[in-house]
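The figures that follow rest on heavy atoms only: side chains count, while hydrogens, waters and symmetry mates do not. Counting starts at 1 for both ligands and their atoms, following the listed order.
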Amino acid sequence: LGSKISATGHYLPEQVISNDDLSKIMDTSDEWISKRTGIRSRHISKDENTSDLSSKAAVKILQNGNITADQLDFIIVATMTPDALSPSTACLVQEKIGAVNAFCFDINAACSGFVYALSTGLHMMQSGLYQYGMIIGAETMSKVVNWEDRSTAVLFGDGAGGLLLERTEDDCFVAEAIHSDGGRHMALVANTMKVENPYGDSSQKEQAFLTMDGRAIFDFAIRSVPSVIREVMEKGNLSDGDLKKILAHQANVRLLEAISKKVKLPFSLFATNIAETGNTSAASIPILLDQLVQTKEIQLGTKDKVLMTGFGGGLTWGAIVVSL
Ligand SMILES: O=C(O)C1CCN(c2ccc(-c3cc(CO)ccc3Cl)cn2)CC1
């Protein structure tokens, strides 16, 4: 008793900003960005917030899944850039698409958010209580990035993607391994909010944008991602030949090359789209998933095994294997 992935979808804001465009407003170059990250351009929202990107992805998922929004039992949005503290971005999506029968909530696990949300949704479906659940990863990173800081401003992009879980007898869930370490939270911080009130102690600091210790995160990822890939394969009794594709968070293509070597899995197994999207945090895996489905590089209903792995702020990291 569980669920299957019965549809995928994604949406990228129309405006494309190239590395050369960035070099006109900050001291950077296409050569540096593309060589060090693999990024060539990214989609940057003009006026669409995270709930708008999510809703446009959701409409595509509903169309591809051949269901109407009122059939959804729940919507989970993984995001570190919600429209607001309240209401949740998921509730705004509910209103925009008319999912009148769903209960909706957000999950914040930074760049691991989609893995955390998919795990949550799959286990909710294993209860047998629900027929349809929608899992979305969505970000407007452009609103938290410090556009004066070239070391981070060139890395991130906006976007949304997701999938539809439909109740079935045989479950698509194979295995998961999910971790976090709050002890290293300082490596990636965005938009802290200090306690301020007439009775407060106003000595606290506040930070209104994203800062990242690139070296620390890079080193963490090179160590922890191979380990969590091996851990989830062990848990699922999987051998290397069982994997059809690895959908890793699109943070840096040099990093994926290093991970591929360390985990001794061919780089051809790793799908990448960072060249055109930049790092879209929780949206990166679902955008990649839908692009692979649309190009038929992977196909739903084949029972092929796909490994998704996210890693980033928190620190958080995790991997989940599903059969398509
Ligand atoms: O000097 C260079 O080569 C620089 C070195 C620093 N770089 C980094 C560093 C860290 C990340 C990153 C970010 C997240 C957050 O989603 C998660 C995971 C990672 Cl590994 C991406 N790029 C860019 C090239």
Side-chain angles (χ1 to χ4, degrees), residues 19 22-23 26-43 50 78-81 107-117 137-146 149-161 178-181 184-191 209-229 246-263 270 272-275 277-288 308-319:
N19 293 344
L22 290 180
S23 66
M26 63 183 78
D27 177 17
T28 188
S29 72
D30 174 44
E31 207 252 345
W32 189 93
I33 300 169
S34 46
K35 204 161 57 61
R36 309 292 284 261
T37 68
I39 301 166
R40 298 197 172 286
S41 63
R42 72 286 290 148
H43 294 251
T50 302
T79 185
M80 64 174 277
T81 54
I107 286 183
N108 181 347
C111 318
S112 309
F114 187 75
V115 166
Y116 276 57
E139 306 288 5
T140 41
M141 294 302 287
S142 58
K143 73 192 183 194
V144 298
V145 155
N146 176 359
D149 171 12
R150 67 180 178 168
S151 75
T152 51
V154 304
L155 303 179
F156 294 96
D158 301 337
I178 305 178
H179 304 275
S180 69
D181 176 10
R184 289 178 283 172
H185 68 270
M186 287 312 288
L188 197 151
V189 177
N191 297 49
F209 46 76
L210 182 143
T211 57
M212 182 177 79
D213 179 345
R215 181 46 48 206
I217 292 245
F218 215 97
D219 294 345
F220 142 73
I222 285 195
R223 199 173 316 108
S224 302
V225 178
S227 155
V228 82
I229 287 173
I246 295 178
L247 279 65
H249 167 47
Q250 301 291 295
N252 184 296
V253 79
R254 302 280 92 81
L255 172 74
L256 294 187
E257 289 163 353
I259 288 168
S260 157
K261 281 194 191 71
K262 195 145 183 242
V263 79
F270 290 76
T272 66
N273 68 355
I274 191 170
T277 63
N279 179 340
T280 58
S281 187
S284 73
I285 291 172
I287 291 167
L288 187 58
M308 301 177 202
T309 177
F311 43 91
L315 294 177
T316 57
W317 65 105

Check the pair Gln250 / Leu256 against side-chain contact (heavy atoms from CB on, under 4.5 Å), numbers first and verdict last.
CA-CA 8 Å; Gln250 301 291 295; Leu256 294 187; 3.7 Å; yes
Is there a salt bridge (Lys or Arg N to Asp or Glu O under 4.0 Å) between Asp219 and Arg223 once you walk through the steps?
CA-CA 6 Å; Asp219 294 345; Arg223 199 173 316 108; 5.5 Å; no
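The closest protein non-hydrogen atom to atom 4 (C) of ligand 1 is Trp32 CH2, 4.0 Å. With hydrogens left out, the protein atom closest to atom 14 (C) of ligand 1 is Asn279 ND2, 3.7 Å, a heavy atom. Considering only non-hydrogen protein atoms, atom 3 (O) of ligand 1 sits nearest to Arg36 NE, 2.9 Å. Closest protein heavy atom to atom 11 (C) of ligand 1: Met212 CE, 4.0 Å. For atom 12 (C) of ligand 1, the closest non-hydrogen atom of the protein is Ile217 CG2, 3.6 Å. In this structure, the protein non-hydrogen atom closest to atom 21 (C) of ligand 1 is Ala251 O, 3.6 Å. Here the heavy atom of the protein found nearest to atom 20 (Cl) of ligand 1 is Leu255 CD2, 3.5 Å. For atom 8 (C) of ligand 1, the closest heavy atom belonging to the protein is Phe218 CD1, 3.9 Å.
Contact annotation: the side chain of Phe220 never approaches that of Leu188 to less than 4.5 Å [non-hydrogen atoms, C-beta and beyond].
When each of Val115, Val225, Leu247 is tested with Thr309 by the rule side-chain contact (heavy atoms from CB on, under 4.5 Å), just one qualifies, namely Val225.
When each atom of ligand 1 is checked for a heavy atom of Leu188 under 4.0 Å away, the hits are 15 (C). Atoms of ligand 1 found under 4.0 Å from any heavy atom of Asn252 (numbered from 1 in listed order, with element): 22 (N), 23 (C), 24 (C). Ligand-side atoms of ligand 1 in range of Cys111: 15 (C), 16 (O), range being under 4.0 angstrom from any heavy atom. Of all atoms in ligand 1, listed by their number and element, those nearer than 4.0 Å to a heavy atom of Gly214 are 9 (C), 10 (C). Atoms of ligand 1 found under 4.0 Å from any heavy atom of Phe311 (numbered from 1 in listed order, with element): 17 (C), 18 (C).
Here the OG-CE distance, from Ser284 to Met141, works out to 10.5 Å after rounding to the nearest 0.5 Å.
Not a single donor-acceptor pair under 3.5 Å links the side chain of Ser224 to the backbone N or O of Ala221. Side-chain atoms of Asn19 never come within 3.5 Å of backbone atoms of Glu31 as a donor-acceptor pair (strictly under, hydrogens ignored).
Aromatic ring pairs are classed by plane angle as parallel below 30°, tilted from 30° to 60° and perpendicular above 60°; the pair His249 and Phe311 is perpendicular.
Judged purely by distance below 3.5 Å, without hydrogens or angles, the side chains of Thr140 and Thr50 pair a donor atom with an acceptor atom. Thr81 and Thr79 form a side-chain donor-acceptor contact under 3.5 Å, judged by distance and modelled atom types alone.
At a heavy-atom cutoff of 4.0 Å, ligand 1 is contacted by no atom of Arg215, backbone or side chain. Contacts with ligand 1 closer than 4.0 Å are made by no heavy atom of Phe220, backbone or side chain.
Ligand 1 has no N or O atom lying under 3.5 Å from any N or O atom of Ser281, backbone or side chain.
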